[in-house]
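One structure is given here, and the rest of the page talks about it.
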Amino acid sequence: MLLECRGPRPPGRSEAASGPSRPGCTTPGSRRTWPGRSPCSAPRTLARPRSVARANPGLPLGPARCRGQSFSRVSGQVISDFDMTLSRFAYNGKRCPSSHNILDNSKIISEECRKELKALLHHYYPIEIDPHWTIKEKLPHMVEWWTKAHSLLCQQKIQKFQIAQVVRESNAMLREGYKMFFNTLYQNSVPLFIFSAGIGDILEEIIRQKQVFHPNIHVVSNYMDFDKDGFLQGFKGQLIHTYNKNSTVCENSGYFQQLQGKTNILLLGDSMGDLTMADGVLGVENILKIGFLNDKVEEQRERYMESYDIVLEKDESLDVVNGLLQHILHQGDWVEMRVP
């Protein structure tokens, strides 16, 4: 594995709103490589993933930097996207379903609705990941996509009791190493804040069926609103899509206010929109952003390198994340989880 390092970026700066400063342009001498190891004496786990990671050397990863600012019961927080970040993007060369796709592809959706949802995907997904569009340009299209998709779902007379069975019959998969990830955070009392533009009822059910939905988890997502007879009639609260995942959609969430005082944040995402998930959290001193680059790797690599501190290309595991957690938490009072 190759770890490529760049110069540090000021804490709290987000590239999501403005995009990379100059795509394709680098400062001479700003990158160095260490084949097979991290410049910060990273844990053994880092050598395992089948990926390319690019790390920022100015981050609190080394033993000296970790002391006094470990992801402890008091100061640490993990903020993560769900679809294609905690869940897998692909398995054996085949795309895995997102929380929306799980419902779209289920037996409770009519064939006509499925065709319409697929047409929306084919039209809007290329816009979502197109590096030549600004986020401002993409915003109205994302709102259109989510609104149309949710409207179609509301016409299907989906019942609440069907959700568990839909998930059980799906091909939903969490990334390899998910048990260690969820269990380590829980055993060390580190809060996990999942910020998702998917369907909250579906993703919660996935985590529950994997038996890792612990009390330290809080989810902000698009939750279904069922009528008194248990039929889907809409979605609760403000619409959450790829590019509005920030404090503006969490103003009514008491939990988001609790993030204040969490001075160290580990942020996990797979899109440019995920970079703003910690925006609005006050008092952040250190934030490490890890990006999973799953699709259109060559076209998106430069933007991800400019925006994330560590970029994992086509890596379907959480090995790097688990390795970093072990290394960081080891500096404080943590409990290592052994998973078969």
Side-chain angles (χ1 to χ4, degrees), residues 78-91 94-110 113-114 117 121 146 149-186 191-242 245 249-250 253 255 268-270 274 277 292 316 318 339:
V78 177
I79 300 178
S80 180
D81 171 50
F82 181 78
D83 288 318
M84 313 307 156
T85 297
L86 295 181
S87 68
R88 294 183 70 124
F89 178 80
Y91 180 70
K94 185 177 179 180
R95 280 289 298 268
C96 292
S98 67
S99 54
H100 273 102
N101 297 149
I102 287 170
L103 198 56
D104 300 350
N105 299 331
S106 69
K107 298 176 182 177
I108 64 176
I109 300 298
S110 70
C113 180
R114 187 175 293 110
L117 289 167
L121 174 68
W146 261 254
H150 287 179
S151 178
L152 286 170
L153 291 175
C154 290
Q155 298 171 23
Q156 296 300 296
K157 296 189 180 298
I158 297 169
Q159 293 182 276
K160 189 173 184 178
F161 77 87
Q162 296 175 309
I163 299 302
Q165 188 63 26
V166 164
V167 170
R168 197 171 294 113
E169 294 175 350
S170 74
N171 295 320
M173 297 182 70
L174 297 179
R175 288 184 183 269
E176 183 181 342
Y178 75 87
K179 287 185 179 179
M180 176 171 283
F181 172 76
F182 283 96
N183 292 340
T184 295
L185 294 179
Y186 173 55
L192 171 58
F193 180 58
I194 298 177
F195 205 163
S196 173
I199 300 178
D201 309 75
I202 299 290
L203 72 86
E204 277 199 19
E205 187 61 31
I206 293 171
I207 301 173
R208 283 196 182 94
Q209 291 188 14
K210 298 296 183 182
Q211 300 183 341
V212 288
F213 197 89
H214 301 306
N216 66 316
I217 296 174
H218 184 86
V219 180
V220 169
S221 186
N222 297 300
Y223 279 89
M224 295 174 163
D225 184 21
F226 297 93
D227 64 21
K228 59 183 178 62
D229 297 316
F231 289 93
L232 178 65
Q233 62 179 358
F235 284 80
K236 301 174 182 177
Q238 185 175 342
L239 175 70
I240 301 176
H241 56 75
T242 305
K245 295 166 71 172
V249 295
C250 294
S253 172
Y255 183 83
L268 311 177
D270 75 307
D274 292 331
M277 292 190 296
F292 290 87
E316 296 295 341
L318 288 167
V339 182

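Both backbone and side-chain heavy atoms feed into the values below; hydrogens, waters and symmetry mates do not.
Using a 4.5 Å heavy-atom threshold, the side chains of I109 and D104 count as separate. Residues Q165 and E205 are not in side-chain contact: their nearest non-hydrogen atoms beyond the backbone lie 4.5 Å or more apart. When side chains are defined from C-beta on, I102 counts as touching I206, because their heavy atoms get closer than 4.5 Å. In this structure, L192 and F181 have side chains that are in contact, with non-hydrogen atoms separated by less than 4.5 Å. Side-chain contact between L86 and I207 is absent, with no heavy-atom pair separated by less than 4.5 Å. In this structure, Y223 and E204 have side chains that are in contact, with non-hydrogen atoms separated by less than 4.5 Å. Between L239 and H150 there is a side-chain heavy-atom pair separated by less than 4.5 Å. Between F226 and Q233 there is no side-chain heavy-atom pair separated by less than 4.5 Å.
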side-chain hydrogen bond (donor to acceptor under 3.5 Å, both in side chains) between H241 and N222, worked out: CA-CA 9 Å; H241 56 75; N222 297 300; over 6 Å; no
Audit row: W146, H100, side-chain contact (heavy atoms from CB on, under 4.5 Å) steps and yes/no: CA-CA 10 Å; W146 261 254; H100 273 102; 3.6 Å; yes
Worked check of side-chain contact (heavy atoms from CB on, under 4.5 Å) between L117 and L103: CA-CA 10 Å; L117 289 167; L103 198 56; over 6 Å; no
side-chain contact (heavy atoms from CB on, under 4.5 Å) assessment of F82 paired with L268: CA-CA 9 Å; F82 181 78; L268 311 177; over 6 Å; no
side-chain contact (heavy atoms from CB on, under 4.5 Å) between F292 and L318, worked out: CA-CA 10 Å; F292 290 87; L318 288 167; 3.9 Å; yes
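With hydrogens and angles disregarded, a donor-acceptor distance shorter than 3.5 Å links the side chain of D83 to the backbone of S99. Proximity of a side-chain donor or acceptor of D227 to a complementary backbone N or O of D229 within less than 3.5 Å is detected. Checking side-chain atoms of R175 against main-chain N and O of F89 turns up no donor-acceptor pair under 3.5 Å. A donor-acceptor pair is defined here as one N or O able to donate and one able to accept, closer than 3.5 Å; no such pair exists between the side chain of E176 and the backbone of E316. No donor-acceptor distance shorter than 3.5 angstrom exists from the side chain of K210 to the backbone of L174, with no hydrogens or angles considered. When atom types are taken as modelled, the side chain of D81 and the backbone of D274 share no donor-acceptor pair closer than 3.5 angstrom. Within the 3.5 Å criterion, the main-chain N or O of S196 finds a donor-acceptor partner in the side chain of S221. Judged by distance alone, with hydrogens and angles left aside, the side-chain atoms of Q211 form no donor-acceptor pair with the main-chain N or O of K179 at under 3.5 Å. Judged by distance alone, the side chain of Q156 and the main-chain N or O of S110 form a donor-acceptor pair under 3.5 Å.
Interatomic distance, H214 NE2 to I217 CD1, rounded to the nearest 0.5 Å: 6.5 Å. Rounding to the nearest 0.5 angstrom, the gap separating the OG atom in S80 from the CG atom in L185 is 9.5 Å.
More than 12 heavy atoms of other residues, nucleotides or ligands lie within 6.0 Å of OH in Y178, so this atom counts as buried by the packing criterion.
In this view, M173 and R88, Y91, C96 satisfy the side-chain contact (heavy atoms from CB on, under 4.5 Å) rule, not counting sequence neighbours.
When each of Q162, Q159, K157 is checked for a side-chain contact (heavy atoms from CB on, under 4.5 Å) with I108, only Q162 meets the rule.
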